[in-house]
Asks: 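First, the structure itself, so that you have it in front of you.
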Amino acid sequence: MLLRAESLTKSFGPVKVLTKADLQINKGDSIGLIGVNGAGKSTFLKILLGEDRCDTGELIVNTQRIGYLPQFPEDAKGLTVRDVLGRPYGHIENIKRRMRELDDIMASGRDDIDWNTVTTEYARLESQLSKNASDDEKMQISALETVGLSQGIMDRDMDTLSGGERTKVMLSRIVVQAEDCDLLFLDEPTSHLDIDTVEWLEDFLLDSHTACVVISHDRYFLDKMATRTVEISNGKTREYKGNYSAFIMKKMLDLDRMQKEYDKYVTQKKRQEEIAEKLHHDQWFLTTHKTRQKLIEKMEEKEAPEKNKEITVRIQSAPKSGKNVITAKGLSVSLGGRTILSDIELDIHKGEKIGIFGANGEGKSTLIKALIGEIPSEGELWIAPGAKIGYFCQNHENLDLNLTPEEQILQVIGKDRRAEARKLLARMLLFDEEVDKQMRYLSGGERVRVSLTLLLLQETNVLVLDEPTNYLDIPARHALEEALNEYNGTILTVTHDRYFLDTVCNKVCEVRDGHIKLTTGTYSATKGRPNTTEIVMDADEYRVISPFTNWALGKKFAKGDRVLVAPTEMKNYEWAISQGKLKKTGGRQRKKIAVEKPSDETK
């Protein structure tokens, strides 16, 4: 066991953030920590890290080898990339921290000190620190290159980097320290990352075999890396075995079971109360009804399942635009004397839902702005006269940050319709203070919901969306996806959210090296695995006692080989285990498993 938290509570003034938070982390665990925005995930993480203290509860930490990637790149004003890579939680800092501990031990002068052991370790660490001064820089450069950054960035100031570059620097710091860590905490690590980098991170976490706890709203990412899912809701934690998809299924079953138990409890209690009342009325001279009342008091009370408020998204559709919506031939876009896109050929038809993805800086946002005429381009561009376009900008350029959400809505619907404005915002779970606060003080997720509210007020038949799921929690993403699936117009959306691409889009467009590649189907199908999905599972380790051939897999195993067997693979190894060919070692590791999806015929 690396860490255990039991019944942690935390309040900020009258607001109770955590009321009963539990978690145990063992070696090799891969845990996804989820919950709506404001549920207390980051607060819980800071308590586990020791950066904040709980009000009550017990926290046991059995390792100091802990790495951490914060949700927002830390305050690095005046620091270079080189400085950040060597800051706390880094490789050299671990050595320095241990040397300081040994200094304190030697300075204490205690009688029980094993001076030979302490001085030997101190000398070894001194030598290691000297050697690692040069070795660590090589490791840092390698880590930067691993996440797609060049060595030339080492001496740049952090505040000159883009959001994506800053996050990649923080990721590279994780790479630097990963070999020396037993446990990694990552808070929204996929924010601002493009798909290629997210997929690299998935593989890195899987291959590292370091225990990790990840806060994320990226459902595709959680499906790939999590073997346990912990949800924080109403200040309490609830744990489910498996990845995000398994969590959804099990939670639905849990809620259904809890509702049935609660309904049964309410029915039985009501019936007993009616009997007690009748006995009291008919036999008022006896105490029989009091006995019945005591039985009611002894009944095990059942709680009703939690009912979380949900965002309501309904997008208005204008009359249809005609078969052809947007046509581009030989389109090219140049900005600042540099060609961003060239030779773009695209014919967008009515009802198509096209998802655009690609690495950061490849020109995805530039492409959609050019296609709707927001920025100048060269070549042929035709937009249907009947196209009524609704545009969602990821930077929320349509918002006046000096206004409140209510004032912004009233500018569109009329200043005398205050009640209607508040009703529209309430559908997006914006109430009271959030409605009356200037938008410059709102969170990213709250601004997204105001922008979506403005979009809902338009009658459109073409939606152009630039990163619509950024800053939204999982329930809000589900609500948006359902609305877009019901929308009968045309959709063109830029996104890094692979789950969103698979759920909403019937075509995907990859932007790479100034060109585009349009493919019919989902993102997963485009990546070459149309009939399978990969998940991560805990696998038992076995040792080969005598050689054998696994004919189901077409693979030979030699004596002494180590084999990881996940639960879904057990049938392929049952014969070898029963014959004594394989012996369980007791070890466990995470393993990526390909699982066949049901075909259309079997659904």
Side-chain angles (χ1 to χ4, degrees), residues 1-11 18 21-29 31 42-70 74-76 79 82-140 143 170 173-187 208-213 586-588:
M1 183 196 75
L2 299 175
L3 181 149
R4 184 171 72 239
E6 291 184 0
S7 301
L8 301 188
T9 69
K10 182 68 178 179
S11 298
L18 301 175
D22 304 310
L23 182 66
Q24 178 164 318
I25 307 170
N26 301 314
K27 289 183 178 179
D29 276 348
I31 300 170
S42 296
T43 299
F44 187 40
L45 208 62
K46 287 180 180 178
I47 293 173
L48 299 182
L49 281 162
E51 292 189 357
D52 203 350
R53 298 188 65 177
C54 60
D55 297 333
T56 61
E58 184 179 23
L59 178 63
I60 300 172
V61 182
N62 291 330
T63 179
Q64 297 299 315
R65 292 153 50 91
I66 297 174
Y68 174 45
L69 178 69
E74 61 192 69
D75 183 12
L79 297 177
R82 186 190 305 275
D83 295 329
V84 169
L85 291 179
R87 297 193 77 190
Y89 301 106
H91 178 71
I92 287 180
E93 280 300 322
N94 285 336
I95 298 174
K96 289 180 178 178
R97 183 169 59 242
R98 179 56 181 163
M99 290 178 70
R100 287 194 293 270
E101 290 173 358
L102 294 175
D103 276 331
D104 292 340
I105 290 172
M106 290 186 287
S108 70
R110 297 198 316 261
D111 294 335
D112 60 344
I113 296 174
D114 185 340
W115 287 96
N116 184 50
T117 301
V118 171
T119 54
T120 300
E121 184 181 0
Y122 195 90
R124 178 178 61 79
L125 291 173
E126 268 190 323
S127 173
Q128 201 174 359
L129 186 63
S130 176
K131 179 177 182 298
N132 283 356
S134 59
D135 288 353
D136 205 62
E137 179 159 347
K138 293 178 183 177
M139 188 186 300
Q140 290 171 1
M170 303 305 288
R173 191 169 78 170
I174 290 292
V175 176
V176 167
Q177 63 184 286
E179 291 184 4
D180 293 327
C181 283
D182 297 320
L183 175 59
L184 289 176
F185 288 103
L186 299 97
D187 193 352
S208 72
H209 300 302
T210 302
C212 59
V213 177
R588 300 198 90 188

Asks: Please list, chain by chain and in numerical order, all residues satisfying side chain to side chain donor-acceptor pair (under 3.5 Å) with Ser108, sequence neighbours excluded.
Replies: none

Asks: Taking only residues two or more places apart in sequence, or in another chain, which ones meet Asp52 in a side chain to side chain contact (heavy atoms under 4.5 Å, CB included)?
Replies: Lys10, Phe12, Lys46, Ile47

Asks: To the nearest 0.5 Å, how far apart are CE in Met106 and CG in Leu102?
Replies: 6.0 Å

Asks: If you take all heavy atoms of Ala211 and Gly28, which pair is closest and at what distance?
Replies: CB-N, 3.7 Å

Asks: Checking Asp22 now: which residues fulfil salt bridge (charged side-chain N to carboxylate O under 4.0 Å, His left out) with it, not counting sequence neighbours?
Replies: Lys20

Asks: Applying side chain to side chain contact (heavy atoms under 4.5 Å, CB included), name anything that partners Arg4, two or more places apart in sequence or on another chain.
Replies: Met1, Glu6, Gln24, Ile60

Asks: Can you sort out the partners of Thr56 under side chain to side chain contact (heavy atoms under 4.5 Å, CB included), two or more places apart, ordered by chain and number?
Replies: Thr9

Asks: Starting at CG of Asp55, measure out to OG of Ser11 and round the result to the nearest 0.5 Å.
Replies: 5.0 Å

Asks: Rounded to the nearest 0.5 Å, what separates atom CZ in Arg100 from atom CD1 in Ile105?
Replies: 13.5 Å

Asks: With a 4.5 Å heavy-atom cut-off, do Val213 and Leu48 have their side chains touching?
Replies: no

Asks: For Thr63, enumerate each residue passing the side chain to side chain donor-acceptor pair (under 3.5 Å) test, keeping only those at least two apart in sequence or located in another chain.
Replies: Asp182

Asks: Side chain to side chain donor-acceptor pair (under 3.5 Å) with Asp103: which residues, sequence neighbours excluded?
Replies: Tyr122

Asks: So how far is it from Ile31 CD1 to Ile25 CD1, rounded to the nearest 0.5 Å?
Replies: 5.0 Å

Asks: With sequence neighbours left out, write down each residue that passes salt bridge (charged side-chain N to carboxylate O under 4.0 Å, His left out) with Arg110, or none if nothing qualifies.
Replies: Asp112

Asks: Check side chain to side chain donor-acceptor pair (under 3.5 Å) between Asp29 and all other residues, then give those that pass, not counting sequence neighbours.
Replies: Arg228

Asks: About how many Å separate CD of Gln64 and CD of Glu101, when rounded to the nearest 0.5 Å?
Replies: 6.5 Å

Asks: Below 4.5 Å, heavy atoms only, C-beta onward: do Leu2 and Lys27 meet side chain to side chain?
Replies: yes

Asks: Rounded to the nearest 0.5 Å, what's the gap from CG on Leu3 to CZ on Phe185? Could you check?
Replies: 5.5 Å

Asks: Listed by chain and number, what are the side chain to side chain contact (heavy atoms under 4.5 Å, CB included) partners of Thr120, not counting sequence neighbours?
Replies: Asn116

Asks: For Glu58, enumerate each residue passing the salt bridge (charged side-chain N to carboxylate O under 4.0 Å, His left out) test, keeping only those at least two apart in sequence or located in another chain.
Replies: none

